[in-house]
**Student:** 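First the structure, then my questions, so here it is.
If you read the sequence from its start, that first residue is 1, and numbering goes on from there. Whatever order the structure lists ligands and atoms in, that order sets their numbers, starting from 1. Below, each value reflects all heavy atoms present in this structure, side chains not excepted, and no hydrogens, waters or symmetry copies.
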Amino acid sequence: MSSPTSSVIIKGIGSFTPEKILTNDELSKMVDTSDEWITTRTGIKERRIAGKGETAATMGAIASERAIKDAGLEVDDIDLVIVATITPDMPFPSTACLIQTKLGISNAVCFDIEAACSGFLYLLELGTSLLRGGKKYRNALLIGSEKISSILDWEDRTTCVLFGDGAGAAVVSLSESEEGLIDFKLGADGNKSDVLYMPGGGCSLPATLDSIEDGKHFLKMRGREVFKLAVKVMEQSAVEILEQNDLSPDQIQCVIPHQANLRIIESISSRLRIPMERFFLNLEKYGNTSAASIPIALDEAYQSGRLKRGDLILMVAFGAGLTWGATLLKWTK
Ligand code: ACO
C-alpha cells in the first residue's frame, strides 16, 4: 500500500454510448440467431452501435469532457492523456492525440496502449505509477474507447452478437489526504494469443484485396476456450489481490467486472464467494465494449448511487493477449 503523499484517487468519471440501439431481435434478422440464444448464453439484450462519424476519438472525447467536469477541473489541468483501445481511429497518430486536439488540451503527454478488454485496468496502474513517479504529472485522463462494430464480421453469428461500442474515462489525480487506488494485479500470456485476435491490418498482413476478401480484418475468436481462460484468470487475479491486501471477499462492497458474459460473471461470483447482488452489471444494455466496459460500468454504478464513499471496489477483467487484471479501489467521491 502507498503512503498518503503518493496516493492517487479517481477524481472524475464519465462515459458515452452511441444513440443507436441494436436489439437481439434485430440481430436475428441479420444472422441465424435468436433473442433466446443470445440471452441465455450471454445475458446480452442489446448493444449500442456508433453512427457515421462516431469513432473511438469522438466518443472518447465526450466521455473525457464529462470526466473532467465531474472532477471539477479544466482541460488545462490535464497533463497526461492515455487511451486504451483495440479500435483506434487510425494506426497513427494515437487516439490520445486526436482526443487532446478535440478537447483543446494544450500541454499534455499523449499516447495509446493496447491490452484489449483489460485495457482500462492496465491504464489505472500505468497512470497511477506515472503520477506517483516523477512528480511531473498532476492529473491524468485515462480513456477506454472502442468502436468494435468496425471490426466485426456481421455475417458471423458466433462473434457479432457479443460486442458493442462506447467510451468511458476517468481523471486520476495525486491526493495528499486520501488513498483511492490501492493495488493492482495485472497479467498476460502471449501463448494464448490465438484464441482472440484480428489477423489483418498490421505489418504482418497489411490490407490487400485478398486479405479483405478472406475476412482477415475481422475479430476472430474461439469462444469456448476464451470462456474457460477468462474464468480462470479473473478468479486467480481477484484472489491474489485480496490475499495481498489481507482482505476477505465479504469486505468488498462492489465488484465491477468486465461486462463480457453473464455466465462468466456468475462463475466468478460463485468461485470468489461474493454474491451476485454485489456485482454491478450493465452488459444487458451494451454487450462487451472491450476497454470501455469497466469505465462505463464504473460511471453508471456511481451515477446510480450504487457507490458510497469509503466502499471497497474490486474491478476484474480479461481480454485478448491474453491479458487480465484486478484492481482494488476505495471510492473517495
Ligand atoms: N446464435 C445461435 N447459435 C449460435 C450462435 C448464435 N449467435 N453462436 C454460436 N451458435 C451455435 C454454435 O454454432 C454451436 O452450434 P453446434 O452445436 O451446432 O455446432 C452452438 O451454438 C454452441 O456453440 P458454442 O460456441 O459451444 O456455445 P457456448 O455455450 O460456448 O457460447 C459464447 C458461446 C457465448 C461465445 C461463449 O463461449 C462465450 O461467451 N465465450 C467468451 C467470449 C468472450 O467473452 N469474448 C470476449 C473476450 S474479451 C476481448 O478481449 C475482446
**Student:** Give the numbers and elements of all ligand 1 atoms closer than 4.0 Å to a heavy atom of Ala116.
**Tutor:** 50 (O)

**Student:** Quick one: nearest non-hydrogen protein atom to atom 9 (C) of ligand 1, plus distance?
**Tutor:**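 Protein heavy atom with the smallest distance to atom 9 (C) of ligand 1: Trp37 CZ2, 3.5 Å.
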
**Student:** So, does Ser267 use its side chain to make a donor-acceptor pair with the main chain of Val231 at under 3.5 Å?
**Tutor:**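 No; zero donor-acceptor contacts below 3.5 Å.
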
**Student:** With respect to atom 24 (P) of ligand 1, which of Arg224, Met221, Lys228 exhibits the smallest heavy-atom separation?
**Tutor:** Arg224

**Student:** Any sub-3.5 Å donor-acceptor pair from Thr323's side-chain atoms to Ala320's backbone N or O?
**Tutor:**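 Flag set: sc Thr323 to bb Ala320 pair under 3.5 Å.
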
**Student:** Taking distance alone, with N or O pairs closer than 3.5 Å, would you say Leu219 contacts ligand 1?
**Tutor:** no

**Student:** Have Glu125 and Thr128 got a donor and an acceptor in their side chains that come within less than 3.5 Å?
**Tutor:**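 No.
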
**Student:** Hey, which atoms in ligand 1 end up nearer than 4.0 Å to a heavy atom of Val161?
**Tutor:**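 Answer, ordered by atom number: 7 (N).
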
**Student:** How does Asn261 reach ligand 1, if at all, at less than 4.0 Å between non-hydrogen atoms: by side chain, backbone, both, or neither?
**Tutor:** side chain

**Student:** Need the ligand 1 atom indices (1-based, order shown) with element for anything under 4.0 Å from a heavy-atom of Cys117.
**Tutor:**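 Checking each atom against Cys117, I get 48 (S), 49 (C), 50 (O), 51 (C).
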
**Student:** Using heavy atoms and a threshold below 4.0 Å, how should the contact between Ala260 and ligand 1 be classified: side chain, backbone, both, or neither?
**Tutor:** side chain

**Student:** Please list the nearest protein heavy atom to atom 12 (C) of ligand 1 with its residue and the distance rounded to 0.1 Å.
**Tutor:**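 The answer is Arg157 NH2, 3.8 Å.
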
**Student:** Under 4.0 Å from any heavy atom of Arg41, which atoms of ligand 1 are there?
**Tutor:** 22 (C), 27 (O), 28 (P), 29 (O)

**Student:** Atoms of ligand 1 less than 4.0 Å from Thr42 heavy atoms?
**Tutor:**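 Near Thr42, the atoms of ligand 1 are 34 (C).
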
**Student:** Looking at Asn107, I want to see if its CG is surrounded by more than 12 non-hydrogen atoms of other residues, nucleotides or ligands under 6.0 Å.
**Tutor:**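 No, the 6.0 Å shell around CG holds no more than 12 heavy atoms from other groups.
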
**Student:** Any side-chain donor paired with an acceptor under 3.5 Å for Glu26 and Thr23?
**Tutor:**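 Per modelled atom types, Glu26 and Thr23 side chains form a pair under 3.5 Å.
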
**Student:** How far is atom 46 (C) of ligand 1 from its nearest protein heavy atom, and which residue and atom name does that atom have?
**Tutor:**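 The closest one turns out to be Asn288 ND2, 3.3 Å.
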
**Student:** Yes or no: does Asp32 have any heavy atom under 4.0 Å from an atom of ligand 1?
**Tutor:** yes

